[in-house]
There are 2 protein chains.
Amino acid sequence: MRGQFVSASDPEVSALMSLRFALLALLSVDAMTGYDLHKRFDSSVGHVWYAPDSQIYPELRKMEADGVVAAEEVPWGPKGTKREYHITEAGRDALRAWMNATLPYARFRDAMHLKSAYFEWASPDAARAQLRAHIAHYEGELAQWEEQIHQIDTATSPMLNRRLAVTPEKDRARTAAFKRYAYEGLVLRAEQEITWARDGLKLIDDLEEGD
Amino acid sequence: MRGQFVSASDPEVSALMSLRFALLALLSVDAMTGYDLHKRFDSSVGHVWYAPDSQIYPELRKMEADGVVAAEEVPWGPKGTKREYHITEAGRDALRAWMNATLPYARFRDAMHLKSAYFEWASPDAARAQLRAHIAHYEGELAQWEEQIHQIDTATSPMLNRRLAVTPEKDRARTAAFKRYAYEGLVLRAEQEITWARDGLKLIDDLEEGD
DNA sequence: ACCCAACACCTACATTCATAGGTATTCAAC
DNA sequence: GTTGAATACCTATGAATGTAGGTGTTGGGT
């Protein structure tokens with residue numbers, strides 16, 4: 001019964017199916033092909049929401065059937081064409097409804113914290129390697145987020161600039177502020193995970209000394 | 001090709017399928033029925049790893065077929081019986097192999113941060129409601145984690161005490177320390193999310209004043 | 001003796017996600 | 001003019017997840 005069709009008037013249901021809303025958010029800025037969307041999901045935005053193209057293309061078709069996006073066959077070279085999707089008024093309504101609804105909180109699945117709770121099963125070196133991988137992972141994320149914030153602050157962010165170009169002047173400060181705010185949260189999280197993992201390395205050292 | 005069967009000798013593959021290892025971790029302490037495991041997943045551990053019983057029962061059967069757990073028909077009342085699962089030596093090997101392998105980092109899907117980046121689509125009140133829900137959610141988590149840590153520190157944690165009872169004396173300090181360490185990480189994360197959400201509420205207030 | 005919550009276990013179904021392939025065109029470089 | 005990377009789009013399959021139901025037993029309270 002649920003999830004078949006998401007109407008803008010059903011905020012309870014519209015909190016689900018975030019792939020659709022991630023796509024709508026990206027399309028709210030720019031018309032794009034499925035390939036373009038996939039590339040976005042593979043780079044910057046991909047660290048907040050990721051989807052493989054095998055999920056994107058079918059979802060776009062469904063969204064088209066539901067009327068939240070419309071496709072246009074655009075010539076591509078001499079012979080080819082490509083399908084460029086743009087958001088419709090119904091799509092804007094659906095996005096607005098999703099934004100105005102409160103997200104349900106799904107229960108976590110956090111393999112790393114599960115693992116760390118049972119680290120006595122690992123060799124000290126394996127535990128260290130896991131923690132170092134954790135640090136390396138979040139240091140990579142951190143560098144990206146900080147670069148994004150830098151680009152926002154220096155008005156050199158291609159994504160934000162595209163968005164601001166289609167934003168009425170009076171809302172531009174808000175738009176930029178929210179975008180920065182989202183990245184700040186990701187920076188804080190990455191820093192926190194790095195701190196925690198470093199503490200873990202210290203803990204393992206201390207426990208080994210104690211033997 | 002992957003994920004069909006997890007052998008202890010294949011560390012690359014064994015990093016996947018964490019439900020299996022969450023179950024093995026719990027069963028490494030105590031023999032339990034599927035119902036018991038489900039209850040654990042619904043309460044304390046459930047905030048690190050959750051699974052509905054409809055996933056647990058079939059997985060236990062598969063694990064039994066793979067030899068990582070063994071079931072025992074235990075009498076239950078006058079007529080009934082129940083299946084109590086205990087970990088096997090092969091299961092301990094598989095758990096150890098998983099613990100010694102490095103987890104691959106899956107790409108995020110973080111609806112809240114995606115949403116916050118596009119908060120200009122929401123009404124200020126809807127954005128505030130979302131942030132308050134975020135705070136309420138993590139305050140609930142925080143209270144639970146802090147209670148767990150308190151129980152560890154006062155040696156009144158039923159879970160940890162069961163675990164220490166099956167742990168050789170020289171490893172007890174390690175076991176307790178790692179368990180505490182895992183919860184500390186969760187506390188830090190919850191605090192960080194609350195801080196971020198509070199900053200968001202302030203940001204929305206500031207932007208509204210600016211109008 | 002009966003009721004009911006808790007215990008125990010299970011199936012079915014749809015959706016979502018991950019992985020692995022496939023085809024064909026374009027465009028720039030060699 | 002051929003090669004190859006990038007663009008563009010797609011299908012198939014299996015695994016994981018979420019949701020919704022189902023059956024029956026037990027054990028404590030009234």
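Residue numbering restarts at 1 for every chain, and letters A, B, ... go by the order of the sequence lines.
- Spacing between atom CG of Asp53(A) and atom C1' of dG22(C) amounts to 11 Å, rounded to whole angstrom units.
- If you measure from atom CG of Leu37(A) to atom C1' of dA8(D), you get 12 Å, rounded to the nearest angstrom.
- For Trp76(A), whose side chain is taken as the heavy atoms from C-beta onward, the closest listed nucleotide among dC7(C), dT25(C), dG18(D) is dT25(C).
- If you check dT26(D), dC17(C), dA8(C) against the side chain of Arg109(B), the one that comes closest is dC17(C).
- Comment: Arg83(A) engages Glu73(A) in a salt bridge, judged by a side-chain N to carboxylate O separation of less than 4.0 angstrom.
- Lys82(B) has no carboxylate O lying under 4.0 Å from a charged side-chain N of Glu72(B), or vice versa, which leaves the two without a salt bridge.
- Atom CG in Leu19(A) sits about 12 Å away from atom C1' in dT15(C), given to the nearest Å.
- Residue order along DNA chain D, read from the 5' end via each residue's closest nucleotide, puts Arg61(A) first among Ala51(B) and Arg61(A).
- Within the nucleic acid shown, Asp36(A) comes within 4.0 Å of sugar-phosphate atoms alone, with no base atom in reach, counting heavy atoms only.
- When rounded to the nearest whole Å, the span between OH of Tyr57(A) and C1' of dC17(C) equals 18 Å.
- Applying the 4.0 Å criterion to OP1 and OP2 of dT17(D), one finds that Gln55(B) has a side-chain N or O inside that range.
- Closest to the side chain of Tyr35(A), out of dT7(D), dC9(C), dT26(D), is dT7(D).
- If you take NZ of Lys79(B) and C1' of dT26(D), they are 10 Å apart, rounded to a whole angstrom.
- Remark: Arg163(B) is positioned above the aromatic ring of Tyr118(A), its terminal NZ or CZ atom under 6.0 angstrom from the ring centre and at most 45 degrees off the axis.
- Rounded to whole Å, atom P of dA16(D) lies 14 Å from atom CG of Leu60(B).
- The aromatic rings of Trp196(B) and Tyr181(A) lie parallel to each other, with less than 30° between the two planes, well short of the 60° mark.
- Cation-pi check for Arg128(A) over Phe119(A) is not met; the charged atom does not lie both under 6.0 angstrom from the ring centroid and within 45 degrees of its normal.
- The CD atom of Glu73(B) sits 14 Å away from the C1' atom of dT25(D) (whole-angstrom rounding).
- Of the listed nucleotides (dA18(C), dA16(D), dC9(D)), dC9(D) has the atom at the smallest distance from the side chain of Arg83(A).
- Whole-Å rounding puts the Met32(B) CE to dA8(C) C1' distance at 15 Å.
- Under 4.0 angstrom from either OP1 or OP2 of dC7(C) there lies at least one side-chain N or O belonging to Lys39(B).
- The base of dT17(D) lies outside donor-acceptor range of the side chain of Ser54(B), with no N or O pair under 3.5 Å.
- Checking dA8(D), dA18(C), dT26(D) against the side-chain heavy atoms of Pro78(B) singles out dT26(D) as nearest.
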